[in-house]
Amino acid sequence: MADLPNTPKLDELEKGKWPSFVKEIKMAAKKSPMAADLLGQLEQSYNEKIGHWKHGGIVGVMGYGGGVIGRYSDLPDKWPNISHFHTMRINQPAGWFYTSEALRKICDIWEKRGSGLTNMHGSTGDIILLGTTTDQLEPTFSDLQNINFDIGGSGSDLRTPSCCCGMARCEWACYDTMALTYDLTMHYQDELHRPAFPYKFKFKMAGCPNDCVASIARSDLSIIGIWRDEIQMDKAAVKEYADKGMDIQHDVVDRCPGKCMEWDGKELKIENSYCKKCMHCINVMPKALRPGKDRGACLLLGSKAPIIEGAMLSSVIVPFVKLEPPYDDIKELIDNIWDVWCEEGKNRERVGEFIQRVGMGNFLDAIGLEPVAEMVAHPRENPYVFYGEDEE
Amino acid sequence: MAKTKEDVVEAMFKMVKEAQGQKKLKPMDLTKAMIELYGDEGVDKQMCKDAIKELINSGRCVYTYYGGSYIEIPHQEGAAN
């Protein structure tokens, strides 16, 4: 067992009843000298209030341009075991379903080839393997391929597509998120492994408007399950909720953002044309209400975390599309978006920022989409636009 | 005479080599330059994409990351020293 460095500041983070990454790294340090040095450098960073990582450069294995995040210590003499500490992003299975056997195999490979430290999962959804040396990248890749895992995306490429568990576990899923994720992952292998974009591009698939993967805030293209007919209602079950004490007026009707519901104490009525698909009523009365039967997805484009511009949410570009294999219509739209963005986008400009710069009208024109009312997020704010009487 | 993929590979490699140490080139920079130079001779986006794939798969060039993804000649990284 490696001698652990003295880490009084990190030790504070072991206190409390919640999980502690320091506790986990200390456990790993019993076997891994890399983990021990990691503790030492981190304690030094906490003391000096300076990060000691150098980042960038190397990005992949032979033929790949993503999936490896090069990281080096700027104190290699003091912490020699982490002089190289590259991260590997591994493409996760859709919906994050594993057998325990698969997880053991991944951990065995990483204990042999790297620090043994993992992050399950990173923000993009990948399996994150933390800390290895340059000479171990190719052997790790080879070992992972032997158990049918591949490297994920990083840099200016398509990031590893990810989704909620969808129809595998959730009754609200309006389309098969896992099937679409798998299909897009396989179809866009070149874009995933060979960075050719102005900056990163993320897909996230959510089965219903509850959006458990927060696709509307975390992906450039959010594909959110939705229905276009009427909410299915079991009137007897609604009455049962009321009989058991639920205040349907207060808890359901008054909280409807579309004001599409009425409750007279006996019967619930829904004006479906006003429904905003917020899922609130369905979440509150899951036995009584269900999404409609005519299901598909709404496509939204443009969200991102703050870097050049501030944080942005996706906005609607296709209000409803039936999502069925082979998904040709959605692939055609994605290709059109990428063509325009790659041609005209600036370096490190996300597609949402690009749309903001060129204007939604010009962007829609370029990708061949007709503007529709659902794309309007809110009424015009500029009070100095006047219409003539003859204009509609 | 129409350009072949191999011609584009060589032209791209020359461009990357000449820019090494002075300017980092993105795949789209190479694509746009090739189409501007040889667009009239049958070079299009798909041929450029295939040429970049060939450059990388052969090991003559590698992808690097410095706030964005670039294509460079393989070299010893300064950060690794």
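Throughout, protein chains are lettered first and strands after them, A, B, ... in sequence-line order, and every chain is numbered starting at 1.
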Please name all residues satisfying side chain to side chain contact (heavy atoms under 4.5 Å, CB included) with Pro198(A), sequence neighbours left out, ordered by chain then number. Trp341(A), Cys342(A)

Honestly, the part of Ser58(B) sitting under 4.5 Å from a heavy atom of chain A is backbone

I'd like to verify something: which residue of Leu55(B), Ile71(B), Ile56(B), Thr31(B) has the highest number of heavy-atom pairs under 4.5 Å with chain A? Ile56(B)

Assert top hit (heavy-atom pairs under 4.5 Å, partner chain A, pool Asp29(B), Val62(B), Asn57(B)) equals Asn57(B)

If you round to the nearest 0.5 Å, how far is NE2 of His55(A) from OH of Tyr66(B)? 10.5 Å

Do other residues, nucleotides or ligands put more than 12 heavy atoms under 6.0 Å from the CG atom of Asp40(B)? no

Which answer fits Asp190(A), side chain, backbone, both or neither, if we ask what part of it has an atom under 4.5 Å from a heavy atom of chain B? side chain

Is it the case that atom CD in Glu48(A) sees more than 12 heavy atoms from other parts of the structure closer than 6.0 Å? yes

With sequence neighbours excluded, tell me which residues meet salt bridge (Lys or Arg N to Asp or Glu O under 4.0 Å) with Arg89(A). none

What distance separates Lys26(B) NZ from Phe197(A) CZ, expressed to the nearest 0.5 Å? 11.0 Å

Listed by residue number, which members of residues 7-21 of chain B have a heavy atom under 4.5 Å from any heavy atom of chain A? none

Please report the interatomic distance NZ(Lys49(B)) to CZ(Arg194(A)), rounded to the nearest 0.5 Å. 9.5 Å

Give the interface residues of residues 347-355 of chain A toward chain B, defined by a heavy-atom separation under 4.5 Å. Asn347(A), Arg348(A)

Leading residue by heavy atom contact count with chain A [cutoff under 4.5 Å; candidates Lys32(B), Met28(B), Lys53(B)]: Lys53(B)

In Å, rounded to the nearest 0.5 Å, how long is the span from CD of Glu343(A) to NZ of Lys45(B)? 4.5 Å

Just wondering, are more than 12 heavy atoms of other shown residues or ligands nearer than 6.0 Å to OH in Tyr327(A)? yes

Check whether more than 12 heavy atoms from other residues, nucleotides or ligands sit under 6.0 Å from atom NZ of Lys331(A), and answer yes or no. yes

Under 4.5 Å, counting heavy-atom pairs only, tell me which of Gly63(A), Pro195(A), Ser154(A) racks up the most with chain B. Pro195(A)

